[in-house]
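Just so it is clear, the model here is predicted, and its values are computed rather than measured. Letters A, B, ... are given to chains in the order of the sequence lines, protein chains preceding strands, and every chain is numbered from 1.
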Amino acid sequence: MTINWNEIETKWQNKWAESKDFETNPNEKPKKFITVAYPYPNSPQHIGHGRTYTLADVHARFYRMQGYNVLFPMGFHYTGTPVLGMAKRIEKGEKEILDGLRNIYHVPEEDIKTFVEPIKIADYFHEEIKSGMIEMGYSIDWRREFTTIVPGYQKFIEWQITTLKENGRIIQGSHPVGWCPKDQNPVSQHDTMGDVEPKIDEKNFLIKFKLGEFIFPVTTLRPETIFGITNLWVNPNTIYKKVTVDNETWIISEQCAHKIEFFEKHVKVIGDIPSSEIIGQYVINHDGREIPVLPADFVEPGMGTGLVMSVPAHAPKDYQALMDLKAGNHELASKIEPIPIIVTEGYDEYPAKQICEKLRVSNQTDEKLEEATKELYLKEFTDGKLNEKCGEFNNENVQFGRDKIRAWLQENNTLEKFPVLENSPVHCRCGAECVVKILNNQWFLNYGDEEWKELARNCFNEMNILPSNLRTEFKKVIEWLHERACARQQGLGTKLPWDKDWIVESLSDSVIYTAYYTISRFVNDGTVTPENLTREFFDYILLDKGDVKLAASTSKLSKDIINTMKKEFQYFYPVDSRHSGRDLVQNHLSFFVLNHVAIFEKKLWPQEIVVNGSVMMDGAKMSKSMGNIIPLRTAIKDHGADPIRLAIISSAELLQDADFNMESVYGIQNKLESLLEECSRLKNEPISELQAEDRWILSKLQSMIGTVTESLEKMRLREGLHEILFSFESDLSWYNKRVEAKGRKDVSGILYKINSARVAMLSPFAPHISEEMWEKLGEDDQVSKSAWPVHSKDEIDAATAIQSESLLKNTIDDIANILKVTKIDPKKIVIYVNSNSMKSKVYRKILGIMVVGGQNNMGVVMKELIADPETIEAKKMPDYIQKVIKDLHSESEEIKNMKLESDLFDEKEFLSSELASIGKKEFGVDVTVYSESDSDIYDPKGKARHARPFKPAILIE
RNA sequence: GCGGGAGUCGCCCAGCCUGGUCAAAGGCGUAGGGCUUAGGACCCUAUAUCUCAGGAUUUCGUGGGUUCGAAUCCCACCUCCCGCACCA
């Protein structure tokens with residue numbers, strides 16, 4: 001049978017839609033609110049996106065079957081800049097992006113034409129993604145859908161950002177960004193040639209030296225080295241500029257003058273000054289020392305200010321430049337000696353000298369100096385200690401002392417930040433070279449605030465985090481998080497209500513929007529309009545602040561409507577589970593928590609976060625350049641939604657990267673097909689009296705229900721699915737073996753019972769085909785509306801059923817093993833079971849010692865046996881004891897416990913009735929069972945005495 | 001540098017949280033067999049080493065430790081991967 005997946009899927013999707021199964025309103029049942037981070041629609045979703053949504057959908061469906069009223073909504077995040085960049089590139093007709101749209105995403109030509117308008121791009125992919133979600137069978141309440149640029153949402157964001165500001169969470173300050181001087185815009189990765197992220201090094205500083213009315217600024221990564229400064233370096237072949245900077249006059253290179261224009265300073269070049277006029281002058285150090293200015297060829301005018309400070313004891317370049325001058329008998333230089341200020345294990349007093357000599361550096365243009373510098377800087381940073389030359393910073397480790405010295409210099413006005421592009425040159429797509437710009441008046445969320453962090457930590461401590469080992473990571477993120485810009489000057493989004501030049505930044509407008517899902521359906525159906533959504537309205541509904549009268553008068557809504565909406569919010573909130581990808585841990589998910597604790601009271605804080613890894617294609621990362629992106633909708637058409645859902649889930653546990661490959665899809669298709677076939681065959685016939693193997697398989701079913709339920713509760717979906725589809729299969733095949741051996745025809749009812757439980761448990765994973773199976777089984781209604789199977793210990797004596805069946809299995813295995821080793825062609829098989837009461841007594845005693853006492857040491861066991869008069873005879877059978885310990889050692893804990901709890905059962909009776917049929921089938925000969933003490937025993941080789949409880953002796957002839 | 005994660009029997013990969021059912025699941029590959037006109041698909045068996053009575057030995061990156069018992073817990077080391085911000 002070949003399944004037409006799409007046909008089945010459409011059939012059930014229509015039924016779900018018709019019966020409005022997933023449209024959720026408050027009712028008397030307990031609720032679960034499951035959310036996923038909404039998508040940014042600038043491309044169709046691929047299989048990787050499908051993973052997060054699929055996991056959330058399984059979660060939602062699982063809870064629904066467990067009797068919860070589940071809300072699972074979806075929105076679309078239009079806020080941000082990527083579509084702006086895309087539109088520009090499309091307008092210019094860039095081949096790369098157009099090819100991508102045509103060949104990978106198969107966007108119709110007439111739609112591409114509209115893409116010069118950013119919103120059209122978002123609209124197109126919005127619909128594309130939504131269709132994919134429907135085709136995947138996600139159980140979403142679409143009545144609540146919104147995009148982040150609709151007026152209602154913008155009202156909500158205005159309220160959110162105003163509330164944050166009034167709570168003191170937003171501050172203003174300056175911040176460096178990558179900047180295109182031509183476009184007058186900040187640049188991000190999407191805006192640069194080759195998609196390079198402009199990396200800003202904020203650990204670079206500018207230190208000022210004085211000479212009369214002039215300031216000589218130098219840049220450095222190591223402010224602590226001012227204590228070891230001996231001189232400044234300038235390039236001897238450069239004409240420097242006199243520049244007024246705010247109310248000071250600086251001597252800097254021309255290139256530097258251009259850079260600092262973007263630092264929010266008043267910069268004006270007022271004249272030239274050739275290096276010859278500077279060399280030989282003395283500048284004043286922070287401590288009043290006079291420092292000579294000397295020439296050095298290695299100084300590049302384009303780096304920093306074009307002036308460099310010299311620390312020859314610790315900087316290999318400075319050391320070498322000084323040596324070069326000395327070699328030329330430079331008069332001033334000859335008087336200069338390095339000043340060591342850092343002590344580092346493995347280096348002597350003058351580390352720069354040592355490393356230059358070690359690497360045999362020849363002069364200051366030697367390439368080996370880069371290597372030397374890198375090595376020494378790192379070593380001194382991690383292991384170095386400042387010495388007594390550093391005054392109050394004596395004995396500090398370099399890595400901590402540096403920050404203190406920096407702060408100290410800053411206080412004395414001799415140090416400023418001088419951020420630079422670490423990976424320069426970076427070019428904007430317009431062709432201009434990017435610079436660092438310091439934006440003043442930037443708005444920040446003050447995530448550095450300790451009190452705020454503490455609230456977030458509380459929230460993380462109390463919430464459920466899956467997988468749980470992410471908790472430490474979240475705490476670390478909170479630790480290093482500091483002020484974060486929450487507004488930007490371009491892109492789609494909502495304007496800052498108090499400063500209309502700025503737009504709320506996209507990550508900051510997506511932190512508490514889950515609350516808006518409880519409101520959006522009223523906006524969507526016209527019950528309220530965006531104009532109704534006033535501050536007082538939100539305050540009353542979301543914060544329980546003010547009163548209904550005030551909310552009603554400002555919003556012009558009736559009290560009834562307001563109270564209905566408030567009830568809805570209070571019913572669904574807090575979020576019970578937030579699903580998201582691994583990449584959002586350090587930003588979105590952390591901000592999600594931070595903003596919730598900043599705005600809402602504790603009972604509305606999120607309850608759970610579930611994080612999943614990404615999806616690989618045949619072991620490789622998916623990327624456009626690799627051409628291995630499969631759009632989700634294409635995959636659905638080709639292979640069916642359910643096989644894709646299962647392939648994604650079954651290939652990895654939560655946090656692992658899932659590997660998606662066609663083989664697993666085909667494997668799953670086959671599996672589902674055969675299950676469907678089986679379901680159409682099975683009849684719900686009455687179950688006749690249960691035989692041993694029936695009791696066994698039904699107990700196994702019960703324990704499977706238990707483990708699957710537990711797996712799903714912990715979101716270990718792979719484990720759960722594996723249990724349903726594969727692990728349980730081996731039990732079933734043993735059962736079938738047994739049934740066939742006995743030639744039974746009366747098991748349809750039992751298999752029916754088993755499969756209806758399996759199908760029910762499968763349905764959250766593969767909802768469409770499960771409905772189909774359910775229908776084939778002849779069940780009423782839909783499986784999505786059925787109850788999750790309950791793990792019950794019902795009437796079956798599981799302990800006896802399971803241990804007797806395991807005895808049978810072990811015996812068969814043993815026989816097979818002997819046959820394999822001996823290569824005998826069996827004519828006759830004889831089994832001897834234990835009937836010696838002393839052996840049994842000792843066996844039980846050992847079992848107790850091992851299970852309860854946790855002991856399996858021969859000596860200890862023997863001592864305990866002898867101590868008990870009942871089993872004192874044990875000392876006569878050490879061999880036996882040893883073997884029993886071994887037998888038990890290899891038994892599962894479950895079986896051991898069962899054995900201990902239940903009485904010994906009659907092995908002979910059980911084996912003689914059950915072993916004959918299966919033995920005959922497996923080995924093709926008759927199997928006879930004797931008890932050790934039987935008078936008519938056939939035991940030519942004296943094997944019978946080796947029989948032990950649960951370990952019969954075997955004779956094969 | 002800071003932080004997170006991984007190293008398992010030819011390959012991929014499960015097991016680790018909660019130590020004993022672990023010589024270790026599943027898939028691929030390989031070998032043999034079945035079914036086929038043939039191919040494919042499918043099914044069965046085997047796949048660390050030794051062993052002609054159900055057994056033994058050495059294994060889970062390396063080296064230590066805890067324990068009656070370690071792939072699993074602890075410590076150290078080696079190797080590899082990922083993130084570090086104004087970007088969704």
Side-chain angles (χ1 to χ4, degrees), chain A residues 37 39-42 77 79-83 175-178 186-191 197-200 203 378 381-382 399 439 442-445 447 467-470 472-477 479-488 491 505-508 510 582-588 613-614 618-619 650-653 655-657 659 661 663-664 666-667 670 714 716 718-719 722 726-727 730 806 810-811 813-824 850 853-861 885-886 888-896 941 943 946 951-956:
Chain A
Y40 181 79
N42 68 336
H77 198 199
T79 314
T81 55
V83 287
H175 182 69
V177 294
V187 284
S188 66
Q189 192 174 344
H190 313 282
D191 309 315
E197 173 95 37
K199 282 203 153 191
I200 294 169
K203 297 207 162 56
L378 185 60
F381 176 73
T382 51
Q399 45 182 319
L439 291 177
Q442 170 66 283
W443 295 98
F444 292 94
L445 281 163
Y447 290 151
S468 58
N469 53 352
L470 277 177
T472 51
E473 191 170 340
F474 273 116
K475 286 191 177 169
K476 288 288 174 192
V477 173
E479 218 53 55
W480 63 252
L481 223 46
H482 53 79
E483 302 74 31
R484 184 191 165 88
C486 63
R488 51 181 307 165
E505 185 269 333
S506 56
L507 282 180
S508 305
S510 59
R582 179 92 174 87
D583 49 336
L584 300 188
V585 167
Q586 308 212 359
N587 41 63
H588 168 75
S614 61
D618 292 319
S650 70
S651 79
E653 214 54 85
L655 205 54
Q656 251 87 45
D657 287 342
D659 187 32
N661 55 62
E663 277 149 33
S664 62
Y666 296 143
N670 290 338
K714 293 180 181 165
R716 302 180 63 137
R718 176 200 165 107
E719 190 177 270
H722 209 266
F726 301 106
S727 308
S730 66
S806 87
N810 288 342
T811 308
D813 284 350
D814 282 347
I815 295 170
N817 204 350
I818 294 168
L819 289 174
K820 180 189 146 198
V821 181
T822 59
K823 304 186 178 84
I824 297 175
M850 285 177 70
Q855 284 290 343
N856 66 356
N857 178 295
M858 174 77 183
V860 178
V861 171
I885 290 173
K886 248 187 127 168
L888 287 171
H889 184 73
S890 63
E891 295 268 29
S892 77
E893 295 294 304
E894 186 199 4
I895 298 263
K896 271 189 271 195
K941 293 203 176 156
K943 294 275 183 193
H946 295 301
K951 193 79 175 171
I954 299 165
L955 171 70
I956 301 178

Select base, sugar-phosphate, or nothing to describe what Ser508(A) touches, counting heavy atoms under 4.0 Å on all strands. nothing
For a quick check of understanding: with a heavy-atom distance under 4.0 Å over all strands, which category does Pro952(A) fall into, base, sugar-phosphate or nothing? base
Minimum-distance nucleotide (side-chain atoms of Leu955(A) versus A88(B), C86(B), A53(B)): A53(B)
Calculate, to the nearest 0.5 Å, the distance between atoms OH and CZ belonging to Tyr447(A) and Arg484(A) respectively. 7.0 Å
How is Lys714(A) classified with respect to the nucleic acid when contacts are heavy atoms under 4.0 Å: base, sugar-phosphate, or nothing? base
Nearest-nucleotide check on RNA chain B, Leu470(A) vs Pro39(A); residue mapping nearer the 5' end is Leu470(A)
Distance criterion of 3.5 Å, no angle test: do you see the side chain of Asn42(A) paired donor-to-acceptor with the base of A88(B)? no
Partners passing salt bridge (Lys or Arg N to Asp or Glu O under 4.0 Å) against Lys951(A) (at least two apart in sequence or in another chain): Asp814(A)
More 5' along RNA chain B: His722(A) or Lys476(A), using each one's nearest nucleotide? Lys476(A)
Does Leu584(A) reach a base, just sugar-phosphate, or nothing at all? Heavy atoms under 4.0 Å. nothing
Would you say a side-chain N or O of Arg582(A) is under 4.0 Å from OP1 or OP2 of G5(B)? no
Under 4.0 Å, heavy atoms only, any strand: does Leu507(A) hit a base, just the sugar-phosphate, or nothing? base
Taking the P atom in each of U30(B) and G40(B), what is the distance between them to the nearest angstrom? 11 Å
So what does Arg488(A) touch, heavy atoms closer than 4.0 Å: a base, only the sugar-phosphate, or nothing? sugar-phosphate
So what's the dot-bracket for RNA chain B: Watson-Crick or G-U pairs under 3.5 Å, [ ] if a pair crosses, | if it pairs off-strand? ((((((((.[[[..)....(.....]]]((((((.......))))))(((....)))...[[[[[..)....]]]]])))))))....
At under 4.0 Å, does any side-chain N or O of Thr81(A) touch on OP1 or OP2 of A88(B)? yes
